[in-house]
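Excluded from the calculations below are hydrogen atoms, water molecules and symmetry mates; all remaining heavy atoms, backbone and side chain alike, are included.
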Amino acid sequence: MDANHVTVVYRWTANPGKLDELVSIYRDVAAAMEENEPGAEAVHVYVSEEENALYVRDEFADADAVGFHLGTTAARHFPQLLAVATPGPFFFLGEVPDEMRAATEQMQLGASFASHAAGFDR
């Protein structure tokens with residue numbers, strides 16, 4: 001992982017009876033990211049039936065790739081997602097420019113931001 005890498009970890013809480021629909025939408029999101037977003041390095045979706053929620057971890061090459069995602073795949077699926085679930089919180093881990101931070105505020109993602117301090121990859 002280089003210094004420009006950005007990880008986004010977040011939760012969607014499904015409306016009652018909508019968890020299966022939420023999972024289906026997220027399968028489409030993951031497929032679209034894999035097909036159309038070269039800066040999206042990984043996407044992992046986890047389901048918690050106990051919490052009626054999805055947890056997602058997106059790995060991006062850099063903040064530009066996050067911006068591309070927010071303007072394309074995320075923008076296309078956001079209305080469907082909001083119809084079946086409540087977003088947040090979202091955690092952006094890595095260097096994220098101020099204008100992207102402002103965009104997440106407009107989207108009401110309940111976002112938090114943190115810069116990388118230490119770690120390693122094998």
Side-chain angles (χ1 to χ4, degrees):
M1 172 175 22
D2 69 24
N4 296 320
H5 184 89
V6 177
T7 300
V8 186
V9 179
Y10 52 98
R11 173 184 169 143
W12 282 92
T13 303
N15 296 339
K18 297 293 185 177
L19 184 59
D20 289 341
E21 190 173 348
L22 179 60
V23 170
S24 178
I25 294 168
Y26 247 90
R27 285 188 177 121
D28 291 344
V29 169
M33 289 175 71
E34 183 175 25
E35 185 174 322
N36 302 314
E37 296 186 33
E41 299 175 334
V43 178
H44 298 278
V45 181
Y46 305 88
V47 179
S48 172
E49 291 185 13
E50 295 82 18
E51 297 178 15
N52 199 45
L54 280 187
Y55 289 89
V56 184
R57 179 174 56 92
D58 296 336
E59 303 285 343
F60 295 97
D62 54 29
D64 288 341
V66 177
F68 182 81
H69 169 72
L70 292 175
T72 57
T73 306
R76 270 194 316 274
H77 290 90
F78 209 64
Q80 289 175 279
L81 291 165
L82 288 175
V84 300
T86 302
F90 281 64
F91 300 96
F92 289 78
L93 311 173
E95 297 306 317
V96 177
D98 289 340
E99 60 272 9
M100 193 173 303
R101 290 176 183 229
T104 66
E105 287 176 18
Q106 289 178 339
M107 295 174 76
Q108 300 178 339
L109 298 180
S112 296
F113 300 88
S115 298
H116 189 261
F120 68 92
D121 289 325
R122 289 200 195 270

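Between Glu34 and Val43 the shortest side-chain heavy-atom distance does not fall below 4.5 Å.
Among residues at least two apart or in separate chains, there is no side-chain hydrogen bond (donor to acceptor under 3.5 Å, both in side chains) pair with a member in residues 83-94.
Taking the six-membered ring where tryptophan is involved, the planes of Trp12 and Tyr26 are tilted, since the angle between them lies from 30° to 60°.
Note: Arg27 CZ to Leu22 CG = 10.5 Å, rounded to the nearest 0.5 Å. Going from atom CE of Met100 over to atom CZ of Phe113 covers 9.0 Å, rounded to the nearest 0.5 Å.
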Using distance only, find each side-chain donor-acceptor pair of residues 63-84 under 3.5 Å and give its atom names and separation, not counting sequence neighbours.
residue: His69; atom: ND1; partner: Glu37; partner atom: OE1; Å: 3.2
residue: His69; atom: ND1; partner: Glu37; partner atom: OE2; Å: 3.0
residue: Thr72; atom: OG1; partner: Phe68; partner atom: O; Å: 2.7
residue: Thr73; atom: OG1; partner: Glu37; partner atom: OE2; Å: 2.5
residue: His77; atom: ND1; partner: Thr73; partner atom: O; Å: 2.9

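Hydrophobic clustering places Phe60 together with Met107 (ILVMFWY residues linked when any side-chain heavy atoms are closer than 4.5 Å, directly or through intermediates). Clustering ILVMFWY residues whenever any of their side-chain heavy atoms sit less than 4.5 angstrom apart, transitively, puts Tyr10 in the very cluster that holds Leu54.
Take Glu21 and apply the salt bridge (Lys or Arg N to Asp or Glu O under 4.0 Å) test, not counting sequence neighbours, and it matches Lys18. Listed by chain and residue number, nothing satisfies the salt bridge (Lys or Arg N to Asp or Glu O under 4.0 Å) test with Arg101 (two or more places apart in sequence, or in another chain). Qualifying salt bridge (Lys or Arg N to Asp or Glu O under 4.0 Å) partners for Glu51, counting only residues two or more places apart in sequence or in other chains: Arg11. Under the side chain to side chain contact (heavy atoms under 4.5 Å, CB included) criterion, Glu35 pairs with no residue at all, not counting sequence neighbours. Looking at residues two or more places apart in sequence or on another chain, you find a side chain to side chain contact (heavy atoms under 4.5 Å, CB included) between Phe91 and Pro89, Leu93, Ser112. Residues meeting the side chain to side chain contact (heavy atoms under 4.5 Å, CB included) test with Glu41, sequence neighbours left out: His5, Glu59, Ala61. Take Pro38 and apply the side chain to side chain contact (heavy atoms under 4.5 Å, CB included) test, not counting sequence neighbours, and it matches no residue.
Through direct or indirect side-chain contacts shorter than 4.5 Å among Ile, Leu, Val, Met, Phe, Trp and Tyr, Tyr55 is connected to Tyr46.
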**Study point:** Worked check of side-chain contact (heavy atoms from CB on, under 4.5 Å) between Thr104 and Phe92
**Key:** CA-CA 10 Å; Thr104 66; Phe92 289 78; 3.6 Å; yes
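Summarising the local packing, CG of Asn4 is surrounded by more than 12 heavy atoms from other residues, nucleotides or ligands at distances under 6.0 Å.
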